[in-house]
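Some notes on the structure that comes next.
Numbered from 1 within each chain, the chains take letters A, B, ... in sequence-line order.
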Amino acid sequence: MRGAAEMRRALAVCALLAGAALTVFLLSLAVGSVGLSLTEVWHALFGLTDASGDSDAACQTAVAIVRELRLPRAAAAFACGGLLALSGALMQVLLRNPLAEPYVLGVSGGAATGALLAMLALSPLWAVQAGAAGGALVSMVLVATLARRDLLHPQVQGGHHEAGSRLLLTGVILAAGWGAVITLILSIAPEGRLRGMLFWLTGDLGGTASYGLALGTLVAALLLMLPMARALNVMLLGETVAQSLGVRVGRVRLSAYLVASLAIAAAITTAGSIGFVGLVVPHLVRLAWGNDQRLLLPAATLLGGTLLMAADLIARTAIAPAQLPVGVITALLGVPTFLFLLLRRPR
Amino acid sequence: MTTAADWTIPTLPCPQLSLHGLGLRAGGKTLFDALDFTMRPGELWCVLGPNGVGKSTLMAVLAGLRLAERGEVRLDGEPLATLARHRPEVLARQRAYLPQAIHDTFSMTVHDAVAVGRHPHLSGWGWSGRDDDAVVAALLEALDLAGLAGRDVLTLSGGERQRVSLAAVLAQQAPLLLLDEPLAHLDLRHQILVLDTLARLARGGRHAAMLIVHDLNLARRYATHALLMAEDGSCLHGPADEILTPAHCSRALRTPIVAVAQGAHTALIANGPA
């Protein structure tokens, strides 16, 4: 049976990607300014602390490096990459536009504005994160309010009018507005704070201390969207077809929009606006395994997480001891990959 | 083959579609007021009329995708608007709707594009079962698409894409078929193939179909009933041979039309400028 074969294939793909994620995760724990063997990583992760009574200093250093520096950073990278790829995949279905990406509706612009304002006021890290989350939410509500008719009640008539374009334009124009505000903040910011702001804007996992929020949001987002995956498949053919096949279009669209936006907000709050993962990863999965959202959503999540972990590994080892912003690595990898995919498209 | 896997047998009995004082507006203009008629199982209705007269709008209303400005539509006496709002998944097994055009943005195989029509019959994760596979395979065969099953829909010609959409609509296994220009982009052979298929379904008595067409002669050959809409908002409806006469068609389509007979065949042709 075709269905059973498809399901087995989806499971196999997810298992493969989960294996890749685990491999990169272990590499991230082992590689760095202090190289550790897998055994050392294992001991640092699971070694009993009461045995450290007579353990040497090197062992304690390894424990500190793995548990306090590398593990949180790798976990945050995985969670953010997964969130970005998932929200990118959702945005592409929601807007029915292959060039859509997580930031296209302006949520990242709002978040960046909030975060930069907090940095301008010399606020502590938590306030910067709160500023990012607040800005993302403001932007999200703004787009949803302005374009609520297109989001909830797409005009259905003979297949001519579909909702994607006006929602997209509303988001794009708001994003442009946020862009102007960001430039304004950068131009009035004192020299000393510019570097931190630029790092934040390109996306940076260096200052990441917590990954709980991002990882929790990732699991919740995936669990919420997976049951709707089949409805999303139908939405690819347009709202008219979806509605005539019994899909509650308004509800699915609103859910996809909210989940995608909250996912971006969580990712940005954790690591700044890292680019290209959300655009490129869903396309990579589509090219490799097709456009079935039941497979695409989990596979893009796993692949996005894996790629961002790998990019972060490069970012902190390429010119060690200095660090590159991880957003630069994803963009440098993403631009040629995407151009390749775009130009080799038939038609 | 079980009946569940036979696409010519709907999974639910065919309801009566009735219009009660239906009035529609579009773009600030009244299309028509107070339209009343009933489509019963076994009937094949053709809707004809000039561009912009409200054929597609009417079809979207009958499919429960759009609200009427006046009056209401009922399925077996139950208001369609209520059904569409509260039980869209049940409605999807009662009626299938073919929109005028489908714009693809992502790659998808022809097989998958047809299998989309099985959506109302799947539950939960909805990995397709044996019946779904059988329905899709039979429809690919029936609409002359078997050779294209693995092709990407983005590479199809207009007529091929149209047959894929039709196959998806029929894969829905709904008794009520509402088709907005099902013959658009099709070559003559495939127009006949589609009309033969629809006529066979209607004659079986388990289906009722309503299609928007522009070809008077195909309509006269296949329709049991016709709805002829004119720009002044007047609508004629009834048995096809009473409605699709040269006089009625000339008036509604604002083109002189005459009947030309040869042997047993009569054709309506445009007679040039008056």
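- Using a 4.5 Å cut-off between heavy atoms, B/H121 does not touch chain A at all.
- The nearest pair of heavy atoms linking A/S244 to B/L65 is N-CD2, 3.8 Å.
- Residues passing the salt bridge (Lys or Arg N to Asp or Glu O under 4.0 Å) test with B/R70 are B/D33, sequence neighbours excluded.
- Using a 4.5 Å heavy-atom threshold, the side chains of B/P99 and A/V241 count as touching.
- Shown here for B/R95 and A/Q243, the closest heavy-atom pair between the two residues is NH2-O, 4.1 Å.
- Atom CG of A/N233 sits about 6.5 Å away from atom CE of B/M108, to the nearest 0.5 Å.
- For chain A, the nearby part of B/R85 is the backbone; its heavy atoms alone come within less than 4.5 Å.
- Within the 4.5 Å cutoff, the side chain of B/P88 has heavy atoms near those of the A/R248 side chain.
- Here B/D112 pairs with nothing under the salt bridge (Lys or Arg N to Asp or Glu O under 4.0 Å) rule; sequence neighbours left out.
- Using a 4.5 Å cut-off between heavy atoms, B/E89 contacts chain A through both its backbone and its side chain.
- Counting heavy atoms of neighbouring residues, nucleotides and ligands inside a 6.0 Å radius, atom CD of B/E69 exceeds 12 of them.
- The 12-atom threshold is exceeded at CG of A/L11, counting heavy atoms of other residues, nucleotides or ligands nearer than 6.0 Å.
- Contacts of A/D292 with chain B are made by side-chain atoms alone, with heavy-atom separations under 4.5 Å and no backbone atom involved.
- Nearest heavy atoms, A/L236 versus B/F106: CD2-CD1, 3.5 Å.
- The backbone N or O of B/H103 sits less than 3.5 Å from a side-chain atom of A/R96, completing a donor-acceptor pair.
- Atom CG of B/L67 has 12 or fewer neighbouring heavy atoms from other residues, nucleotides or ligands inside a 6.0 Å radius.
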